[in-house]
Amino acid sequence: MDKSAALEQIRQRILQELECPLKDAATNLVFGKGNPEAAILFIGEAPGAKEDELGVPFVGAAGKELDALMHLIGLSLDDAYVANILKYRPPKNRDPSSEEIRCHTPYLVEQIKVICPRVLVTLGNFATKFVLGGCSVEKMKSVSGITALHGKHMPLSVDGWSGIVMPLFHPAAMLYRPQLRTVLQKDFLSLKEMLGQQTL
Ligand code: URA
């Protein structure tokens, strides 16, 4: 089965999942976008209002910032896949609870296994702590925060996947902390350098 078909099967299973927290309050499932064959997978936190309305990740204000950062280093959705920790929007964009992360992330882990990217770019604290905690909700607390980890290239093997994790500040953080713009731009340039060094 090709990767698009395998992802579609996962998407269908989420749609059929009756007990999925946040589902009832959401308008749409927000599964992912981009090229399933890509070598880079960006992992965000959770859909916002625009994403919930359209059923597509990173299409609101944070999405515009992510697009601009990708454009800065010559990446498009032909080169990357984009998904989130949570597949449905939390009300009022509040932080995800541990229980929500526990219920939604098995699907993210399946996406990682199907796409099998060389690089996982984790955007913000939740994605970074989940992935570097070995894709375990219980271990998230033991992982340092994004301020300490952003821009590092970290080899990881987890759940049958091996590759490099690069934690970055979440693009939405620039909207309320403008000083992070240059930090994110610098980290994206470092991502570009790393991609250039790899046989992807
Ligand atoms: N922020 C995220 O983390 N994901 C989205 O899809 C949109 C905003």
Side-chain angles (χ1 to χ4, degrees), residues 1-24 26-48 50-59 62-63 66-67 70 75-90 96 99-124 126-137 139-140 154-168 191 194-195 198-200:
M1 190 190 311
D2 72 13
K3 292 185 180 186
S4 296
L7 289 176
E8 180 55 22
Q9 284 197 351
I10 301 168
R11 201 179 75 85
Q12 289 300 330
R13 271 194 285 117
I14 306 176
L15 286 170
Q16 282 153 25
E17 169 71 75
L18 294 178
E19 304 291 315
C20 195
L22 300 173
K23 179 178 181 167
D24 289 348
T27 310
N28 280 302
L29 165 65
V30 178
F31 182 73
K33 68 176 180 184
N35 182 356
E37 302 288 341
I40 311 159
L41 172 56
F42 287 94
I43 304 176
E45 184 179 311
K50 197 77 185 165
E51 290 77 18
D52 179 53
E53 182 192 328
L54 300 178
V56 182
F58 283 96
V59 286
L66 179 60
D67 288 350
M70 287 172 66
L75 290 182
S76 73
L77 286 179
D78 284 343
D79 313 298
Y81 195 88
V82 181
N84 281 313
I85 290 278
L86 294 191
K87 306 305 182 196
Y88 290 105
R89 182 190 184 204
E99 188 53 22
E100 288 157 1
I101 297 173
R102 192 172 291 108
C103 293
H104 288 223
T105 47
Y107 299 115
L108 173 67
V109 171
E110 288 192 50
Q111 287 175 299
I112 295 171
K113 286 181 178 171
V114 167
I115 297 164
C116 206
R118 295 288 311 280
V119 182
L120 285 180
V121 179
T122 54
L123 301 170
F126 284 92
T128 299
K129 285 174 176 260
F130 176 73
V131 170
L132 291 179
C135 294
S136 150
V137 183
K139 297 201 183 124
M140 285 176 72
M154 311 177 80
L156 182 76
S157 289
V158 61
D159 235 333
W161 174 86
S162 290
I164 295 176
V165 179
M166 185 165 181
L168 297 179
L191 170 63
M194 187 235 293
L195 295 172
Q198 293 216 334
T199 317
L200 291 173

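Within the 4.5 Å cutoff, no side-chain heavy atoms of V114 are placed close to those of Q111. Side-chain contact between F42 and L75 is present, with heavy atoms from C-beta onward closer than 4.5 Å. Under the 4.5 Å side-chain criterion, counting only non-hydrogen atoms from C-beta, I40 is not in contact with P117. A heavy-atom distance below 4.5 Å is not found between the side chains of I112 and V158. Side-chain contact between T105 and C135 is absent, with no heavy atoms from C-beta onward closer than 4.5 Å. Between F130 and L108 there is a side-chain heavy-atom pair separated by less than 4.5 Å. Between Y88 and E100, every side-chain heavy-atom pair lies at or beyond the 4.5 Å cut-off.
Every salt bridge (charged side-chain N to carboxylate O under 4.0 Å, His left out) that K113 has, sequence neighbours left out, goes to D159. Under the side-chain contact (heavy atoms from CB on, under 4.5 Å) criterion, A38 pairs with N35, not counting sequence neighbours. In this view, E99 and R102 satisfy the salt bridge (charged side-chain N to carboxylate O under 4.0 Å, His left out) rule, not counting sequence neighbours. The side-chain hydrogen bond (donor to acceptor under 3.5 Å, both in side chains) search around S136 returns none, not counting sequence neighbours. For F58, the ring pair (Phe, Tyr, Trp, His ring centres under 6.0 Å) criterion is met by H170, not counting sequence neighbours.
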Practice problem: Evaluate the criterion side chain to side chain contact (heavy atoms under 4.5 Å, CB included) for residue pair T122 and L132; output intermediate values, then yes/no. | Solution: CA-CA 9 Å; T122 54; L132 291 179; 5.7 Å; no
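Of the possible donor and acceptor atoms, none in the side chain of K87 sits under 3.5 Å from a partner among the backbone N and O of G32. The main-chain N or O of G63 is never found under 3.5 Å from a side-chain atom of E51 such that the two would form a donor-acceptor pair. Q9 contributes no side-chain N or O that, together with a main-chain N or O of A6, makes up a donor-acceptor pair within less than 3.5 Å. Side-chain atoms of K33 come within 3.5 Å of backbone N or O of P57 as a donor-acceptor pair. The main-chain N or O of T27 is found under 3.5 Å from a side-chain atom of D52 such that the two form a donor-acceptor pair. With hydrogens and angles disregarded, a donor-acceptor distance shorter than 3.5 Å links the side chain of H104 to the backbone of P21.
In this structure, L120 CG and M154 CE are separated by 12.5 Å, a value rounded to the nearest 0.5 Å. We find the OG1-CE distance between T128 and M166 to be 11.0 Å, quoted to the nearest 0.5 Å. Between the CG atom of L18 and the CG atom of D24 there is a distance of 9.0 Å, given to the nearest 0.5 Å. One distance of note links CD1 of I85 with CZ of F126; it measures 9.0 Å at 0.5 Å rounding. M70 contributes atom CE, which lies 7.0 Å from atom CG of D79 (distance to the nearest 0.5 angstrom). Considering CE of M140 and CD1 of I101, their distance stands at 4.0 Å, rounded to 0.5 Å.
Heavy-atom minimum distance, L41 versus V82: CD1-N, 4.3 Å. Of all the heavy atoms in P96 and L86, the pair that sits closest is CB-CD1, 3.6 Å. Considering all non-hydrogen atoms of both residues, L7 and F31 come closest at O-CZ, 3.4 Å. In this structure, W161 and L156 approach most closely via the heavy-atom pair CZ3-O, 3.7 Å.
Pairs engaging residues 8-17 under the salt bridge (charged side-chain N to carboxylate O under 4.0 Å, His left out) rule: E8-R11, R13-E110 [sequence neighbours left out].
With a 6.0 Å radius and a threshold of 12 heavy atoms from other residues, nucleotides or ligands, K50 has its NZ atom at or below the threshold.
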